[in-house]
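Each remark here refers to the structure printed beneath this line.
The sequence lines fix the lettering, A, B, ..., with proteins before strands; numbering per chain opens at 1.
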Protein chains: 2
Amino acid sequence: MGAQEPFVSPGAAGRTPLRPDDGRLQRGRRSRARIREAARALFRERGFDATTLRAIAQRAGMGASSLYRHIRTKEELLVDELQELQEQAWHQFRRRRVSRGGPETASERLRRFLDAEHQLLARDPDLTTIALRATTHPEARVAGQVLALQDRTVGLLAEIMLQGRSRGELRRGVDVLAAARTIAHTTNGARIAWANGQLDGEACRRAIDTAVDVLFQGIGAPPG
Amino acid sequence: MGAQEPFVSPGAAGRTPLRPDDGRLQRGRRSRARIREAARALFRERGFDATTLRAIAQRAGMGASSLYRHIRTKEELLVDELQELQEQAWHQFRRRRVSRGGPETASERLRRFLDAEHQLLARDPDLTTIALRATTHPEARVAGQVLALQDRTVGLLAEIMLQGRSRGELRRGVDVLAAARTIAHTTNGARIAWANGQLDGEACRRAIDTAVDVLFQGIGAPPG
DNA sequence: CCATCTAGGGGAACAGCCTCGCAAATCGGG
DNA sequence: CCCGATTTGCGAGGCTGTTCCCCTAGATGG
């Protein structure tokens with residue numbers, strides 16, 4: 001994991017920079033910041049699809065083609081934001097550890113994380129929408145980035161469940177990874193329905209909740 | 001349901017045709033057939049994204065802009081194909097009713113349907129990929145078409161489970177709709193992973209299988 | 001202070017999907 | 001067999017994300 005170019009200057013989108021970015025290349029860094037800022041604002045104002053690269057470039061004070069010194073793809077701009085939000089969700093989740101009373105059950109922790117995630121992602125449908133769209137362009141570079149993000153979410157969910165399993169809250173021998181994936185996929189699905197206006201924000205949250213419920217209880221009749 | 005313009009001539013992409021297509025407009029029908037055929041062949045040869053509208057038009061023997069008398073969107077062409085395949089899967093599933101021995105359990109029927117679906121969809125990643133991509137364009141008309149298709153799948157899954165529930169194979173009071181949605185979303189997710197090369201076809205099938213297993217058994221420890 | 005090197009900016013242009021307005025083909029009815 | 005209406009086809013063109021290649025500013029090393 002984590003082998004995703006830590007700080008090796010995103011500039012010159014294609015070639016490997018000969019020198020590492022040791023802090024002397026300030027102009028580029030400022031440009032990158034302006035681009036991100038402009039993109040973020042415009043996405044929020046008009047939405048992703050209605051925002052043209054030329055508009056972003058203009059607000060960032062440069063020509064459209066110059067953007068490509070700093071980004072690889074339009075989608076990358078939004079995925080970066082998504083990534084930040086995800087980290088925020090994780091951070092927020094880990095910080096609020098034992099808020100009150102006794103230790104949480106795995107199911108409670110799961111819910112708490114999913115709620116945090118929902119709250120952040122429900123700000124803008126584009127965040128889900130465009131990310132998923134990226135995964136439908138398998139040859140594109142962003143696809144990998146988004147999938148890595150999802151994998152990380154799956155990992156966290158699995159971790160939560162593993163803890164629960166070792167405490168005997170979960171059925172023995174349960175395939176936690178499969179369960180984690182199921183949860184992740186279901187949240188994606190619910191959010192797509194939400195983005196398409198089939199669900200409002202609250203209904204989406206509830207759908208996710210219900211899905212976790214169903215998954216915990218199982219749908220099969222008890223063996224007895 | 002079913003209010004999706006049954007046969008009202010898809011022509012003139014914008015306006016409602018004054019007369020229904022009563023079988024007298026043969027030229028258009030032939031053109032439509034040629035377009036579909038050309039598109040299908042080219043998608044199979046080069047893949048969806050590598051197939052240009054101009055190429056389709058050329059093979060269909062017309063100019064690119066003329067396509068738009070018959071289709072609304074490039075994606076629509078592929079979604080049409082997907083729709084046919086889905087109907088095929090449903091048909092095939094219903095036909096092979098009681099193949100052998102005693103009555104199938106709900107879980108067996110579920111698996112049988114999912115296998116049939118997988119076999120058809122595993123022919124071409126584009127079928128899943130592009131359909132899902134369409135749902136990330138909420139303002140586009142195809143999005144609705146794809147979502148309707150998914151809803152129908154969910155309906156079928158729910159129906160299967162309802163039967164099982166009334167026979168006591170399922171836990172009482174289970175939310176079959178939520179369970180059906182979970183299954184549908186999970187299959188989508190697995191196929192995306194497959195399309196991105198994270199899973200091969202067989203692993204994808206197994207992932208779906210496992211997910212159904214986990215959902216049936218539940219991950220929570222039995223109350224006892 | 002100079003030669004050099006490169007990150008970063010810019011304009012032009014490309015291919016993609018799709019829209020527009022107009023001309024031709026085709027239709028049903030008289 | 002001809003007329004008015006409707007469908008179908010076409011070329012031009014718009015807007016998009018993205019690439020290409022050239023040019024400059026400013027840092028680097030001597």
Side-chain angles (χ1 to χ4, degrees), chain A residues 8-35 39 42 46-58 60-78 130 133-134 137 139-142, chain B residues 8-35 39 42 46-58 60-78 130 133-134 137 139-142:
Chain A
V8 251
S9 163
R15 305 193 183 164
T16 324
L18 304 181
R19 253 176 331 200
D21 178 354
D22 56 0
R24 286 172 294 192
L25 307 148
Q26 300 189 8
R27 186 159 72 123
R29 184 146 339 122
R30 265 196 285 260
S31 294
R32 258 159 273 165
R34 274 202 324 265
I35 291 172
L42 285 168
R46 317 179 186 173
F48 181 85
D49 286 324
T51 299
T52 146
L53 278 174
R54 286 167 175 87
I56 297 176
Q58 191 182 6
M62 56 204 286
S65 61
S66 306
L67 289 180
Y68 284 84
R69 292 280 170 210
H70 306 285
I71 66 171
R72 284 194 269 249
T73 278
K74 183 188 177 192
E75 284 167 353
E76 197 183 63
L77 282 167
L78 195 123
I130 310 302
R133 187 188 301 173
H137 290 273
E139 75 291 348
R141 282 176 280 249
V142 258
Chain B
V8 251
S9 159
R15 306 191 181 162
T16 325
L18 303 183
R19 249 177 332 196
D21 178 353
D22 55 1
R24 284 174 294 193
L25 306 149
Q26 301 189 8
R27 186 157 76 122
R29 179 141 346 116
R30 265 195 286 260
S31 293
R32 258 160 273 163
R34 273 200 325 261
I35 291 172
L42 285 168
R46 318 178 184 174
F48 181 86
D49 285 325
T51 299
T52 145
L53 278 175
R54 287 168 176 90
I56 297 177
Q58 191 183 4
M62 56 205 287
S65 63
S66 307
L67 288 181
Y68 285 84
R69 292 279 171 210
H70 306 285
I71 67 171
R72 285 194 269 251
T73 279
K74 183 188 174 189
E75 284 166 354
E76 198 183 62
L77 282 167
L78 196 121
I130 311 303
R133 187 189 300 172
H137 291 272
E139 74 290 350
R141 282 177 276 249
V142 258

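- Distance B:Leu78 CG to C:dC17 C1': 16 Å, rounded to the nearest Å.
- When the P atom of C:dC17 is taken as reference, atom CD1 of B:Ile71 falls 10 Å away, rounded to whole Å.
- Every side chain to side chain contact (heavy atoms under 4.5 Å, CB included) that B:Thr52 has, sequence neighbours left out, goes to B:Arg54, B:Ala55.
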Tabulate atom names and distances for all N/O pairs under 3.5 angstrom spanning the protein and nucleotides 14-17 of chain D.
{"unit_1": "D:dG17", "atom_1": "OP1", "unit_2": "A:Thr51", "atom_2": "O", "d": "3.3"}
{"unit_1": "D:dG17", "atom_1": "OP1", "unit_2": "A:Lys74", "atom_2": "NZ", "d": "2.9"}
{"unit_1": "D:dG17", "atom_1": "OP2", "unit_2": "A:Thr52", "atom_2": "OG1", "d": "3.3"}
{"unit_1": "D:dG17", "atom_1": "OP2", "unit_2": "A:Leu53", "atom_2": "N", "d": "2.9"}
{"unit_1": "D:dG17", "atom_1": "N7", "unit_2": "A:Arg54", "atom_2": "NH1", "d": "3.1"}
{"unit_1": "D:dG17", "atom_1": "O6", "unit_2": "A:Arg54", "atom_2": "NH2", "d": "3.2"}

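- When each of A:Glu75 and B:Met62 is assigned the nucleotide of DNA chain D bearing its nearest heavy atom, the one mapping closer to the 5' terminus is B:Met62.
- Among all heavy-atom pairs drawn from A:Thr51 and A:Lys74, the shortest one is O-NZ, 2.8 Å.
- Spacing between atom CZ of A:Arg30 and atom P of C:dG9 amounts to 11 Å, rounded to whole angstrom units.
- Between B:Met62 and B:Ser66, the closest heavy-atom pair is CE-CB, 3.3 Å.
- In this structure, CG of B:Leu67 is placed 16 Å from C1' of C:dC20, rounded to the nearest angstrom.
- Remark: P of C:dC17 and CZ of B:Arg72 are 18 Å apart, rounded to the nearest angstrom.
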Show your reasoning for whether side-chain contact (heavy atoms from CB on, under 4.5 Å) applies to A:Phe48 and A:Leu77.
-> CA-CA 10 Å; A:Phe48 181 85; A:Leu77 282 167; 5.8 Å; no
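- Side-chain contact check for B:Arg133 versus B:Asp49: some heavy-atom pair is nearer than 4.5 Å.
- For B:Ser65, there are no side chain to side chain contact (heavy atoms under 4.5 Å, CB included) partners at least two apart in sequence or on another chain.
- Nucleotide D:dT8 holds its C1' atom 11 Å from the CZ atom of B:Arg34, rounded to whole Å.
- At whole-Å resolution of the value, NE2 in A:His70 and P in C:dT6 are 18 Å apart.
- In terms of polar N and O atoms assigned as donor or acceptor, the side chain of A:Ser66 never comes within less than 3.5 Å of the base of C:dG8 in a complementary pairing.
- Distance A:Arg69 CZ to D:dT24 P: 15 Å, rounded to the nearest Å.
- Of all non-hydrogen atoms in A:Glu76 and A:His70, the two that sit nearest each other are OE1-O, 4.4 Å.
- A donor-acceptor contact under 3.5 angstrom links the side-chain atoms of A:Ser65 to the base of C:dG10.
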